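Everything on this sheet refers to the single structure shown next.
These numbers were taken from a predicted model, which means no experiment stands behind them.
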Amino acid sequence: MVRHPDLIVGLEYADDGGVFMTPAGDALVQTVDFFTPIVDDPYDWGRIAAANALSDVYAMGGTPLTALQLIGWPRDVLPFDLLGRVIEGGAQVLEEAGCTLVGGHSVDDAEPKFGFAVTGIVGPDRLMTNAGARVGDRLVLTKPLGTGVITTAHKRDSVDDLTLRRAVQTMVRLNAGARDAMAVVDAHAATDVTGFGLLGHLRELLVSAEVAAVLDTSQIPILPGAAELLEAGFYAGGSQRNLESVAPMVIDRTGDDRWIRLGADAQTSGGLLISVPARSQEDLLAALTANGETGAVIGEIVPGPPSMTLR
């Protein structure tokens, strides 16, 4: 059964998680995410996987409560002490988030995989979806782009330690502070920027609200080293598929195709993309700063059928 009177957000929405009303009147947020290693260090992989899975709950304004661990492991190929480090990394981030690990499941798999199914809770009045953007809103992004480009270069032994370390620091940072910041302003919509890239997740937001967007590429934050690595040809297959998918909706007035390519770059544990009234953008930026987060106004919502203009 995929329909129920208490199902607020379900399969018909391209949102960050499912939302179900409990008999007590709370909104239950549920999401799941797992992936293969994107860095060599097993502890960092575990941390990134946990932060990435928790992000969907934060994007909907929620507080993570419990998590179920998902593991695929080639038991006859990789030692279990490596898996132990992955699990330790994930547990550290769950503890930071105040999220309780209650169980999980593991399978023997030819390729290692790790992640979590997360359940959170949010008051119905604080529930945030990707469907409420309004004409005149400003778009605020809370983490820089480029993790896909950097981790792709890392897999090919072509990135320096500092560039990789900065990317890891970004990916393990929870979006809890960004969630708290958008709760103190009258934000209209939000989503987290992950596997579909900035443009892919923005497309979902625009289609849901039946509006368009204009992005100021000079204001889009990028991780140090990402632009150079992109220029050197490091671009994941998933990012290329993203690019092909969003291209028909993009009007590129920059004269520089790196912006659409960076916009389609598949992110891991990226920031929140928040649609907020213009009158509240400074309050949001101030709240982000107060919470130790970053934020950049990268564009605005405009009338028209769903499209994305880069300028």
Side-chain angles (χ1 to χ4, degrees), residues 16 33-56 58-59 86 89-90 93 113-116 140-178 190-204 215 217 219-243 245-246 258-274 293-296 298:
D16 296 298
D33 212 317
F34 61 95
F35 46 74
T36 57
I38 62 170
V39 293
D40 292 337
D41 186 286
Y43 187 79
D44 282 344
W45 176 31
R47 292 198 296 159
I48 293 166
N52 186 72
L54 292 163
S55 183
D56 286 335
Y58 292 133
V86 178
V93 169
K113 301 175 181 68
F114 186 72
F116 297 90
V140 175
L141 181 64
T142 67
K143 287 187 185 182
L145 302 182
T147 59
V149 171
I150 291 171
T151 55
T152 297
H154 171 59
K155 291 176 182 178
R156 302 175 191 173
D157 296 321
S158 299
V159 67
D160 63 88
D161 290 343
L162 179 58
T163 298
L164 178 63
R165 186 161 64 250
R166 286 170 172 161
V168 169
Q169 289 171 347
T170 295
M171 290 185 285
V172 302
R173 194 172 83 236
L174 295 174
N175 281 323
T191 186
D192 66 336
V193 178
T194 51
F196 294 138
L198 170 65
L199 296 179
H201 289 285
L202 175 58
R203 173 181 59 185
E204 293 174 342
L215 298 183
T217 56
Q219 299 303 309
I220 297 175
I222 306 170
L223 282 165
E228 293 78 7
L229 291 169
L230 177 68
E231 183 68 22
F234 295 104
Y235 205 61
S239 298
Q240 182 62 38
R241 289 189 291 273
N242 288 345
L243 178 61
S245 177
V246 300
R258 68 172 174 160
W259 289 109
I260 186 173
R261 290 170 65 79
L262 281 168
D265 186 37
Q267 303 298 283
T268 300
S269 191
L272 298 190
L273 178 64
I274 305 169
E293 298 293 330
T294 61
I298 65 168

* Partners meeting ring-ring contact (aromatic ring centres under 6.0 Å, His included) with F196 (sequence neighbours left out) -> H201
So, taking the atom named [atom1] in [X] and the one named [atom2] in [Y], what distance separates them when rounded to the nearest 0.5 Å?
{"X": "L164", "Y": "Q169", "atom1": "CG", "atom2": "CD", "value": "10.0 Å"}
{"X": "E228", "Y": "R258", "atom1": "CD", "atom2": "CZ", "value": "8.5 Å"}
{"X": "T151", "Y": "I38", "atom1": "OG1", "atom2": "CD1", "value": "5.0 Å"}
{"X": "L54", "Y": "F116", "atom1": "CG", "atom2": "CZ", "value": "8.0 Å"}

Counting only N and O atoms by type, is there a donor-acceptor contact under 3.5 Å from the side chain of [X] to the main-chain atoms of [Y]?
{"X": "N242", "Y": "G195", "answer": "yes"}
{"X": "D192", "Y": "A59", "answer": "no"}
{"X": "T194", "Y": "S269", "answer": "no"}
{"X": "T142", "Y": "G295", "answer": "no"}
{"X": "K143", "Y": "T170", "answer": "yes"}

* Given the rule in the side-chain contact (heavy atoms from CB on, under 4.5 Å) test, do D40 and H154 qualify, once you have shown the distances and angles that lead to the verdict? -> CA-CA 9 Å; D40 292 337; H154 171 59; 3.4 Å; yes
So which heavy atom on [X] is nearest to which on [Y], and how close?
{"X": "A178", "Y": "L272", "result": "CB-CD1, 3.7 Å"}
{"X": "G46", "Y": "F114", "result": "CA-CE2, 3.9 Å"}
{"X": "V93", "Y": "L174", "result": "CG1-CD2, 3.7 Å"}
{"X": "A236", "Y": "T152", "result": "CB-OG1, 3.4 Å"}
{"X": "P144", "Y": "Q267", "result": "O-OE1, 4.0 Å"}
{"X": "P224", "Y": "T163", "result": "O-CG2, 3.4 Å"}

* To do: Output all residues satisfying salt bridge (charged side-chain N to carboxylate O under 4.0 Å, His left out) with R241, sequence neighbours left out; order by chain, then residue number.
  => none
Just checking [X]: does its [atom1] atom have more than 12 heavy atoms from other residues, nucleotides or ligands closer to it than 6.0 angstrom?
{"X": "D160", "atom1": "CG", "answer": "yes"}
{"X": "Q240", "atom1": "CD", "answer": "yes"}
{"X": "Y43", "atom1": "OH", "answer": "yes"}

Kindly indicate whether the side chain of [X], heavy atoms from C-beta on, has any atom under 4.5 Å from the side chain of [Y].
{"X": "V159", "Y": "F234", "value": "no"}
{"X": "M171", "Y": "D44", "value": "no"}
{"X": "Y235", "Y": "L243", "value": "yes"}
{"X": "L198", "Y": "I298", "value": "yes"}
{"X": "T147", "Y": "I150", "value": "no"}
{"X": "S245", "Y": "R203", "value": "yes"}
{"X": "W259", "Y": "L145", "value": "no"}
{"X": "L230", "Y": "L262", "value": "yes"}

* To do: Give the C-alpha distance, both sets of side-chain angles, the deciding distance and a yes or no for side-chain contact (heavy atoms from CB on, under 4.5 Å) between V168 and V39.
  => CA-CA 9 Å; V168 169; V39 293; 4.1 Å; yes
* To do: Test L202 against every option in L215, T191, V193 by the side chain to side chain contact (heavy atoms under 4.5 Å, CB included) rule and name the one that passes.
  => L215
* Asked: Side chains of S55 and N175: donor-acceptor distance under 3.5 Å anywhere?
  -> yes
